[in-house]
Amino acid sequence: KTLFIDTRTPGELNYLGAASVMDAHVPLVFMDTADWNDKKHRYKRAKNTNFVADIEGKLKQKGLTKNDTVILMCRSGKRSAKAVNMLAEAGFTKAYSVVDGYEGDKAKEGDHKGQRTVNGWKNTDLPWTYSLDKDYMYFSE
């Protein structure tokens with residue numbers, strides 16, 4: 001009675017892999033390749049305005065309700081925490097975030113300083129794969 005959702009962008013899954021136990025991919029945001037964020041030195045992000053409805057649809061497909069457990073994961077835990085708040089506002093009663101996310105935190109010192117090698121799903125040897133299953137991926141309508 002659990003729905004496990006990866007909320008990262010399609011590009012993140014495509015190049016970094018995904019938890020092999022996820023039920024579906026529903027991005028919270030997309031990369032907006034038509035616009036640039038000078039302050040963060042990256043493409044701007046565009047919200048997935050269908051996020052809550054998409055999660056509701058995934059619940060229904062699995063025969064679950066807003067009172068069943070929903071686990072969300074992003075890269076580091078920040079976006080999935082925001083997504084949990086959105087679901088709570090929409091009436092979900094058991095929505096949770098994977099605190100350290102898929103990649104975890106950046107190392108603050110050593111040979112891997114600045115790289116996401118501290119904690120996180122992938123770094124703690126939880127099940128993941130580079131081989132994505134099309135049936136679990138998100139497609140825009």
Side-chain angles (χ1 to χ4, degrees), residues 1-66 68-141:
K1 291 211 164 213
T2 299
L3 181 68
F4 188 164
I5 301 289
D6 193 315
T7 66
R8 294 177 295 149
T9 66
E12 287 173 295
L13 271 70
N14 198 53
Y15 294 108
L16 300 172
S20 55
V21 297
M22 75 174 180
D23 289 303
H25 169 229
V26 179
L28 180 64
V29 296
F30 299 101
M31 290 291 130
D32 180 357
T33 58
D35 208 353
W36 186 256
N37 184 328
D38 285 322
K39 184 177 179 182
K40 295 186 178 184
H41 307 282
R42 66 178 186 204
Y43 290 109
K44 286 193 177 179
R45 294 179 178 170
K47 291 180 183 179
N48 177 358
T49 57
N50 295 320
F51 181 77
V52 173
D54 289 339
I55 299 296
E56 289 171 341
K58 296 299 180 186
L59 277 174
K60 187 175 180 182
Q61 286 176 359
K62 199 168 176 183
L64 301 175
T65 71
K66 290 182 179 184
D68 290 307
T69 301
V70 177
I71 300 172
L72 304 176
M73 182 167 60
C74 67
R75 183 194 67 218
S76 65
K78 292 178 184 175
R79 280 177 283 168
S80 56
K82 289 179 185 179
V84 162
N85 291 339
M86 290 171 60
L87 294 182
E89 289 175 16
F92 287 68
T93 60
K94 296 179 185 172
Y96 304 96
S97 172
V98 175
V99 174
D100 299 322
Y102 181 73
E103 287 192 292
D105 297 320
K106 292 179 182 177
K108 295 182 180 179
E109 54 189 39
D111 292 341
H112 298 287
K113 183 178 179 178
Q115 297 175 5
R116 292 190 180 277
T117 58
V118 180
N119 59 42
W121 187 276
K122 190 174 181 181
N123 295 318
T124 52
D125 294 325
L126 290 168
W128 68 276
T129 182
Y130 282 121
S131 181
L132 304 178
D133 186 331
K134 180 180 177 184
D135 292 339
Y136 298 109
M137 297 302 107
Y138 186 88
F139 294 94
S140 302
E141 295 179 8

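Counting heavy atoms of neighbouring residues, nucleotides and ligands inside a 6.0 Å radius, atom CG of D125 does not exceed 12 of them. The 12-atom threshold is exceeded at NZ of K62, counting heavy atoms of other residues, nucleotides or ligands nearer than 6.0 Å. In the displayed structure, F4 atom CZ is contacted under 6.0 Å by more than 12 heavy atoms of other residues, nucleotides or ligands. At most 12 non-hydrogen atoms from other residues, nucleotides or ligands lie less than 6.0 angstrom from NZ of K82.
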Verdict with reasoning, L13 to Y138, per side chain to side chain contact (heavy atoms under 4.5 Å, CB included): CA-CA 10 Å; L13 271 70; Y138 186 88; over 6 Å; no
Step by step, would you call R45 with M31 a side chain to side chain contact (heavy atoms under 4.5 Å, CB included)? CA-CA 5 Å; R45 294 179 178 170; M31 290 291 130; 3.6 Å; yes
Report the C-alpha separation of K58 and D23 in whole Å, then their side-chain angles, then the decisive distance to 0.1 Å, and conclude whether the salt bridge (charged side-chain N to carboxylate O under 4.0 Å, His left out) test is met. CA-CA 8 Å; K58 296 299 180 186; D23 289 303; over 6 Å; no
Give the C-alpha distance, both sets of side-chain angles, the deciding distance and a yes or no for side chain to side chain contact (heavy atoms under 4.5 Å, CB included) between N48 and L28. CA-CA 5 Å; N48 177 358; L28 180 64; 5.8 Å; no
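A heavy-atom distance below 4.5 Å is not found between the side chains of M86 and I55. Looking only at side-chain heavy atoms (C-beta outward), L3 and D68 stay at 4.5 Å or farther from each other. With contacts defined as side-chain heavy-atom distances shorter than 4.5 Å, the pair R8/L16 qualifies. F51 is listed as a side-chain neighbour of L87, based on a closest heavy-atom distance under 4.5 Å. In this structure, P10 and H25 have side chains that are in contact, with non-hydrogen atoms separated by less than 4.5 Å. Between F92 and K66 the shortest side-chain heavy-atom distance falls below 4.5 Å.
For A83 against L72, the heavy-atom pair with the smallest separation is CB-CD1, 3.5 Å. Heavy-atom minimum distance, A90 versus V52: CB-CG1, 3.7 Å. Minimum heavy-atom separation, Y130 to K122: OH-NZ, 3.4 Å.
Judged by distance alone, the side chain of T7 and the main-chain N or O of M73 form a donor-acceptor pair under 3.5 Å. Without hydrogens or angle criteria, D100 side chain to G77 main chain gives no donor-acceptor distance under 3.5 Å.
Here OG of S20 is found 7.5 Å from CH2 of W121. Values are rounded to the nearest 0.5 Å. Atom CE of M22 is separated from atom CH2 of W128 by 13.5 Å, given to the nearest 0.5 angstrom. Interatomic distance, OG1 of T65 versus NZ of K1, reported as 7.0 Å (0.5 Å rounding). Between the CG atom of D105 and the CG atom of N119 there is a distance of 4.5 Å, given to the nearest 0.5 Å. Here the OG-NZ distance, from S97 to K78, works out to 12.0 Å after rounding to the nearest 0.5 Å. How far CG of D6 is from CD1 of I71: 12.5 Å, rounded to the nearest 0.5 Å.
With salt bridges taken as basic N to acidic carboxylate O contacts below 4.0 Å, one links R79 and E12.
Using a 30° and 60° split on the angle between ring planes, W36 and Y43 fall in the perpendicular class, above 60°.
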